[in-house]
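One structure below.
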Amino acid sequence: MLTIGLLGCGNIGNIIIKNHVGVDIVALFDQMPGRAEEAGKLCDAKAFGNIEDFLNEDYDIVVEAASIDAAQKYAASVLEHGKDLVVMSVGVFADELFRQEIIDLASSLGRKIYIPSGAIFGLDNLKIGQVSGITRLLLRTTKNPRSLNIEECAERTCLFSGMANECIKHYPKNTNVSVALELAAGRDVEVELWADPSVDRNVHEIFIEGDFGEATITVKNLPSPDNPATSYLAALSIVTLLKNLGEPMRVGT
Ligand SMILES: NC(=O)C1=CN([C@@H]2O[C@H](COP(=O)(O)OP(=O)(O)OC[C@H]3O[C@@H](n4cnc5c(N)ncnc54)[C@H](O)[C@@H]3O)[C@@H](O)[C@H]2O)C=CC1
Ligand SMILES: O=C([O-])CC(=O)C(=O)O
């Protein structure tokens with residue numbers, strides 16, 4: 001069975017712990033040591049107080065469910081410790097230089113980096129953008145102001161309109177999906193981010209046009225119980241990715 005080290009024991013980390021299938025969680029690390037210790041009681045895994053000890057433990061894959069900051073700090077070290085890496089805070093790869101450095105490092109070490117579909121549907125066939133023209137790719141995200149950590153917002157308000165690699169700098173906890181779209185399609189993504197006090201879901205609308213025709217995908221996500229910024233689907237997506245890693249048949253592009 002594949003063994004996992006969980007980097008980040010917050011909302012997604014705890015959903016993974018409660019729902020994981022086909023993998024064994026053996027090591028935990030969080031910048032708030034109490035969180036790793038609490039999580040350790042739930043899954044009988046060892047909580048580590050520092051990153052070096054966490055990475056020196058024997059297991060196959062680090063699952064990052066922490067922050068862009070954590071992904072940036074530790075991605076190279078994870079690979080250098082002989083482990084594959086699942087990155088939830090995919091916004092870290094908006095930085096092209098960093099992305100290429102990590103890809104080159106993984107390639108030279110024979111390691112793999114996995115990006116889950118996260119809080120959206122449709123990443124699978126969007127990858128056709130790597131071999132065929134996509135002329136329009138727009139993500140319109142709408143969340144309740146609470147999910148965006150905004151206190152005053154009486155009506156639907158556009159917070160950002162521009163490109164994904166800029167948006168993620170301003171909203172690193174809310175627009176990771178835009179960077180996942182960018183990586184899948186191999187091209188820039190336009191983003192509109194809206195705060196709307198009348199919605200109680202995290203809504204992602206994706207508009208795609210290209211040589212294949214056109215597609216519109218609307219996802220109306222339930223926020224996670226413990227972190228309204230993060231859709232529950234994002235956590236389920238990691239659980240599913242991990243379940244499928246060891247399977248002989250791979251479904252989806
Ligand atoms: N790719 C996608 O579709 C999505 C990605 N995300 C991202 O996934 C990540 C996790 O989300 P949640 O679990 O909801 O967040 P959370 O805030 O509930 O939990 C994050 C945990 O990681 C820990 N952490 C943060 N930075 C750290 C560091 N430098 N070193 C060690 N521990 C650190 C925190 O103490 C916290 O316990 C976030 O970056 C979030 O933006 C969230 C939703 C969708
Ligand atoms: O969970 C969501 O709806 C999306 C999200 O926060 C992100 O992409 O960072």
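Read the numbers this way: they start at 1 and go in the same order the structure lists the ligands and their atoms.
In this structure, the protein non-hydrogen atom closest to atom 36 (C) of ligand 1 is Arg35 NH1, 3.2 Å. Annotation: atom 20 (C) of ligand 1 to nearest protein heavy atom, Ala66 O, 3.4 Å. Regarding atom 1 (N) of ligand 1, its nearest protein heavy-atom neighbour is Met88 O, 3.0 Å. The protein heavy atom nearest to atom 42 (C) of ligand 1 is Thr230 OG1, 3.4 Å. Protein heavy atom in closest approach to atom 16 (P) of ligand 1: Asn227 ND2, 3.8 Å. Distance from atom 35 (O) of ligand 1 to its nearest protein heavy atom, with residue and atom name: Asp30 OD1, 2.7 Å. If you check which protein heavy atom lies closest to atom 7 (C) of ligand 1, you get Asn176 ND2, 3.9 Å. For atom 31 (C) of ligand 1, the nearest protein heavy atom (residue, atom name, distance) is Gln31 N, 3.1 Å.
Ring planes of His170 and Phe160: tilted class, angle from 30 to 60°. Using the six-membered ring where Trp is involved, Tyr59 and Phe54 have ring planes that are tilted, between 30° and 60° apart.
Of the heavy atoms in Ala234, only side-chain atoms (C-beta onward) come closer than 4.0 Å to ligand 1.
Using a non-hydrogen distance threshold of 4.0 Å, Pro172 registers as a contact of ligand 1. Heavy-atom distances between Ala65 and ligand 1 reach below 4.0 Å in at least one pair.
Remark: ligand 1 and Ser231 share no N or O pair separated by less than 3.5 Å (distance only, no angle test). Distances between N or O atoms of Glu64 and those of ligand 1 include no value under 3.5 Å. The distance criterion of under 3.5 Å between nitrogen or oxygen atoms is met by Ser89 with respect to ligand 1. For ligand 1, none of its N or O atoms has an N or O atom of Leu7 under 3.5 Å away. At least one N or O atom of Ile12 sits closer than 3.5 Å to an N or O atom of ligand 1.
Close approach of ligand 1 to Asp69 (heavy-atom distance below 4.0 Å) involves ligand atoms 29 (N). Atoms of ligand 1 found under 4.0 Å from any heavy atom of Lys173, numbered from 1 in the order shown, are 41 (O). Shown in contact with Val177 at under 4.0 Å from a heavy atom are these atoms of ligand 1, numbered in order with element: 3 (O). In summary, the atoms of ligand 1 found under 4.0 Å from a heavy atom of Met32, numbered by their order in the structure, are 35 (O). Heavy-atom proximity to Gly10, at under 4.0 Å, picks out these atoms of ligand 1: 18 (O), 19 (O), 21 (C), 37 (O). Against a heavy-atom cut-off of under 4.0 Å, Val90 is close to the following atoms of ligand 1: 1 (N). Short contacts between ligand 1 and Gly8, defined as distances under 4.0 Å to a heavy atom of the residue, involve ligand atoms 22 (O).
The one candidate from Thr218, Thr141, Thr142, Thr175 that meets the side-chain hydrogen bond (donor to acceptor under 3.5 Å, both in side chains) condition with His204 is Thr141.
Of the charged side-chain nitrogens involved, at least one lies within less than 4.0 Å of a carboxylate oxygen, so that Arg99 and Glu182 count as a salt-bridged pair.
Counting only distance, with no hydrogens or angles, the side chain of Ser147 and the backbone of Pro228 share a donor-acceptor pair below 3.5 Å. Side chain of Asp53 to backbone of Gly49: no donor-acceptor contact under 3.5 angstrom is found. Ser231 places no side-chain N or O within donor-acceptor distance of the main-chain N or O of Ala234, the cut-off being under 3.5 Å. Side-chain N or O atoms of Arg187 include none that pairs as donor or acceptor with a backbone N or O of Gly129 at under 3.5 Å.
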Return all side-chain donor-acceptor pairs below 3.5 angstrom for residues 35-46, not counting sequence neighbours, or 'none' if the list is empty.
{"residue": "Glu38", "atom": "OE2", "partner": "Lys41", "partner atom": "NZ", "Å": "2.9"}

Could you list the donor-acceptor pairs under 3.5 angstrom formed by side chains in residues 238-253, with sequence neighbours left out?
{"residue": "Thr240", "atom": "OG1", "partner": "Leu236", "partner atom": "O", "Å": "2.7"}
{"residue": "Asn244", "atom": "ND2", "partner": "Thr240", "partner atom": "O", "Å": "2.9"}
{"residue": "Thr253", "atom": "OG1", "partner": "Asn125", "partner atom": "OD1", "Å": "3.0"}

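Annotation for Phe212: atom CZ counts as buried by contact number, over 12 foreign heavy atoms lying within 6.0 Å. Surrounding CG of Asp58 are at most 12 heavy atoms belonging to other residues, nucleotides or ligands under 6.0 Å away. Other residues, nucleotides and ligands place more than 12 heavy atoms under 6.0 Å from the CZ atom of Arg111.
Among residue pairs with one or both ends in residues 155-174, those qualifying as salt bridge (charged side-chain N to carboxylate O under 4.0 Å, His left out) are Arg156-Asp196, Glu166-Lys169; sequence neighbours excluded.
Atoms CG and CG, on Asp200 and Asn221 in that order, are 11.5 Å from each other to the nearest 0.5 Å. Distance check: Ser161 OG to Arg140 CZ gives 9.5 Å after rounding to the nearest 0.5 Å.
For ligand 2, the 4.0 Å heavy-atom shell takes in Ala119, Lys143, Lys173, Asn174, Thr175, Asn176, Val177, Asn202, His204, Ala229, Thr230, Ser231, ordered by chain and residue number.
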- Task: Could you please spell out the steps behind the side chain to side chain contact (heavy atoms under 4.5 Å, CB included) verdict for Ile4 and Asp60?
- Result: CA-CA 6 Å; Ile4 303 296; Asp60 303 311; over 6 Å; no
